[in-house]
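Treat the numbers as computed from the prediction; the structure is a model and nothing was measured. Here is the naming used below: chain letters follow the sequence lines, and residue numbers restart at 1 for every chain.
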Number of protein chains: 2
Amino acid sequence: MELRHQVAVTLAEVAEAAGVGESTVSRVLRSHGSFSDKTRERVMAAVERLGYVPNRIAGTLASAGSRLVAFVIPSLSNIVFPDVLRGASAVLEENRHQAVFAVTDYDPQKEEALVASMLAWRPAAVVLAGCEHTEGTAKMLRASGCRIVELLDLDGEALDIAVGFSNRAAGHASAEFLLTRGYRRIGYVGHDLIRDTRAGKRFKSFCETLGMHDVPLVDREIVAGASSVENGQVGLEQLLARTPALDAVYFSNDDMALGGYFHCLARGIHIPSRLALFGYNGLDIGRVTPQPLSTVRTPRVATGRVAAQLIVENAPSQIVDLGFELIEGATA
Amino acid sequence: MELRHQVAVTLAEVAEAAGVGESTVSRVLRSHGSFSDKTRERVMAAVERLGYVPNRIAGTLASAGSRLVAFVIPSLSNIVFPDVLRGASAVLEENRHQAVFAVTDYDPQKEEALVASMLAWRPAAVVLAGCEHTEGTAKMLRASGCRIVELLDLDGEALDIAVGFSNRAAGHASAEFLLTRGYRRIGYVGHDLIRDTRAGKRFKSFCETLGMHDVPLVDREIVAGASSVENGQVGLEQLLARTPALDAVYFSNDDMALGGYFHCLARGIHIPSRLALFGYNGLDIGRVTPQPLSTVRTPRVATGRVAAQLIVENAPSQIVDLGFELIEGATA
DNA sequence: GGCTCAAATGGCAGCGCTGCCATTATCTCT
DNA sequence: AGAGATAATGGCAGCGCTGCCATTTGAGCC
């Protein structure tokens, strides 16, 4: 298997082998400009024979305009982002674009560094999560001249294109729902809110809505670390240990809510009569639990799809609100 | 916000502005070769002032040798692949490499097309799932001269580097475990096995092991579609409807097993006394369910990490077996 | 046959950078 | 001070392709 070090076949060699000019080969391969059938066959035969693979690095440099789309995302553990990438990559592949990505771990400084290194590839667009970025990030992006797409958060100022929904509205709707159902002793279990600003916005809006109805948030438990099933379980356990007399708990995420749900199942805490649970995201798994999870379903895959669509068609600057859906479920 | 169409600053402009030669700027920016402190400051000042971002397209073309790593993965819905990407991207980012990816939907033809378009970027390495590829894919990869890394399946011939574990061994271990626990009427619930060849290998080996102990597989239910919690529930429901007298069920994945678990919870089927469940993957969520899921934990993040490490250090061809861990759990 | 027009084709500069080599400035040592 | 070494620097070809322009070819027509 020692086939390393081979010199790649170049367009010039194909031209030579086919007995035509370089530009002709280029035209044939891109189906751009005119050429005869006979020529095309000769070229394709040579391509086949030599095993030629076009060099897009050179092509991009020469034509100034790449088909790369850079995704700078906070995490791959949070299912949200794989879902977004999934929606986007389907559309990008159909349109002969390529996705590059990097993970920030919810760190704005790291985001800035990664955006810089992404811009070095002169992508057609840079896709980011949320609309909070460092001054430096925003400046670089604006100066780059490439398209900027901010996802999953419409509560802020967009740099160019934004696709998603309002987290504030989601938090508000969740609070209204719990209030309508009659819950009055409400708690919250969340993960690191400083880094995950979108979860922070939901929580803030949730509390404000409770406040408007003169229902204070009774207690909250913020676990260190990322959103996860385990943290949800631990968080609820601690919250209940401190404040047993709650009738509903709002979670920062479905992962967390599922952890809470399992905790209740294990402890025999009846849901929703003894305690109601409400999540966020609308994960598939929440629909299959013995009691479907009450939550807000977010359009994650669609967000990726729409973002990619706008990029490939080079759409004008705009804000696309894809909304969300409140799932009543059976846990609240 | 209409800042489109800007002409990017080039190295030549920086050189001009700093009053030095192009090569000097290049050396300073890459900390390669020698230059005085004074020069470095002048260059950096010019870079800062002009907002220069190096063009890695041009750099890569000139220096022949990219720091791109191409991932051609079957899916982003199956958590396995985000996990692998997560492990890999951390290492790649530390080593100034960039990850590009594309999704095949478990389609070998699509894989071939995507590999071709990835090779056009002249990546340092192409990372694939499994070791079954079309003839064309293998030929292109071998001819490309770039590193090839095949993940998560050691039961076959590797093209260059392979990192993962044996699915056959995992299937075998799962069968042995269920037999040791005394189960004798065993069923299987799986998803599309033609596309997911690794699940197919586990199942085959599982059956062979049962056979060696003269315990035939009693029944199986193969659901159409991907591995998911919902399909697991549906699958188990159908399997039990047809063959109620089972004492254990092996699932193609933890997702599926969780679906089965929820089905049992909802129907009041006692686990494991009435029915034992066994999964595959060792998802975090399986540790937090009221009864921890019995399963095989696979080193997904480590697989990505090790693969990336071998790529950045340009390690020789090799097979790295990271093994797996059987989790006894409480469902079998 | 000679003419026109469009289709088909080739030549070559240049995209922005790096690598090599030549040149110049700066030291070090006798 | 001068020779020789070393550090610092600039010039420029060329990576493989595309885009432009010039040229050739062929078809159609009077």
Side-chain angles (χ1 to χ4, degrees), chain A residues 6-44 46-47 50-68 96 117 119-124 144-145, chain B residues 5-44 46-47 50-68 96 117 119-123 144-145:
Chain A
Q6 314 183 348
V7 182
V9 181
T10 68
L11 193 153
E13 298 176 65
V14 174
E16 168 95 78
V20 300
E22 296 184 32
S23 359
T24 303
V25 176
S26 177
R27 274 188 294 258
V28 170
L29 289 176
R30 288 177 300 149
S31 311
H32 177 275
S34 59
F35 45 82
S36 67
D37 279 1
K38 198 182 56 190
T39 303
R40 198 196 52 240
E41 277 160 32
R42 283 240 301 277
V43 170
M44 293 317 265
V47 164
L50 301 179
Y52 172 67
V53 177
N55 184 331
R56 224 191 280 279
I57 306 264
T60 303
L61 180 62
S63 66
S66 92
R67 291 170 165 280
L68 283 177
R96 307 169 8 130
S117 82
L119 287 177
W121 288 99
R122 300 291 186 268
S144 72
Chain B
H5 316 303
Q6 315 184 347
V7 182
V9 181
T10 68
L11 193 154
E13 298 176 65
V14 174
E16 167 96 77
V20 300
E22 294 183 33
S23 359
T24 303
V25 176
S26 177
R27 275 186 294 257
V28 169
L29 289 176
R30 289 178 297 150
S31 310
H32 177 275
S34 58
F35 45 83
S36 67
D37 279 0
K38 197 182 56 191
T39 303
R40 198 196 54 238
E41 277 160 33
R42 283 242 298 279
V43 169
M44 293 317 265
V47 164
L50 301 179
Y52 172 68
V53 177
N55 184 332
R56 223 190 281 280
I57 306 263
T60 303
L61 180 62
S63 67
S66 94
R67 290 170 164 282
L68 283 178
R96 307 167 10 126
S117 84
L119 287 177
W121 287 99
R122 300 290 186 270
S144 73

Classify [X] by what it touches in the nucleic acid, base, sugar-phosphate, or nothing, heavy-atom distance under 4.0 Å.
| X | answer |
| --- | --- |
| A:Ser23 | base |
| A:Thr60 | nothing |
| B:Ser34 | base |
| A:Arg27 | base |

For a side chain to side chain contact (heavy atoms under 4.5 Å, CB included) check, start with the C-alpha distance between A:Trp121 and B:Leu68, then their side-chain angles and the critical distance, and finish with the verdict.
CA-CA 10 Å; A:Trp121 288 99; B:Leu68 283 178; 3.8 Å; yes
With each end axis built from five pairs of C1' atoms, what bend angle do you get for the helix from C:dG1-D:dC30 to C:dT30-D:dA1? Round to 10°.
30°
Interatomic spacing from CD in A:Glu13 to CD in A:Glu22 - rounded to 0.5 Å:
10.5 Å
First locate atom OH of B:Tyr52, then atom CG of B:Leu29, and finally report the distance between them rounded to the nearest 0.5 Å.
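Output value for this atom pair is 6.0 Å.
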On DNA chain D, does the nearest nucleotide to B:Ala64 precede the nearest nucleotide to A:His32 from the 5' side, or the other way round? Give the residue.
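Result: B:Ala64.
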Nearest-nucleotide comparison on DNA chain C, the residue closer to the 5′ end among B:Ser26 and A:Gly19
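Nearest nucleotide further toward 5': that of A:Gly19.
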Taking any atom under 4.0 angstrom from a heavy atom of chain A, which nucleotides of DNA chain C are the first and last to qualify, 5' to 3'?
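Terminal contacting nucleotides, 5' to 3': C:dA7 to C:dG16.
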B:Val9 and B:Val14: side chain to side chain contact (heavy atoms under 4.5 Å, CB included), yes or no, with the steps?
CA-CA 8 Å; B:Val9 181; B:Val14 174; 4.1 Å; yes
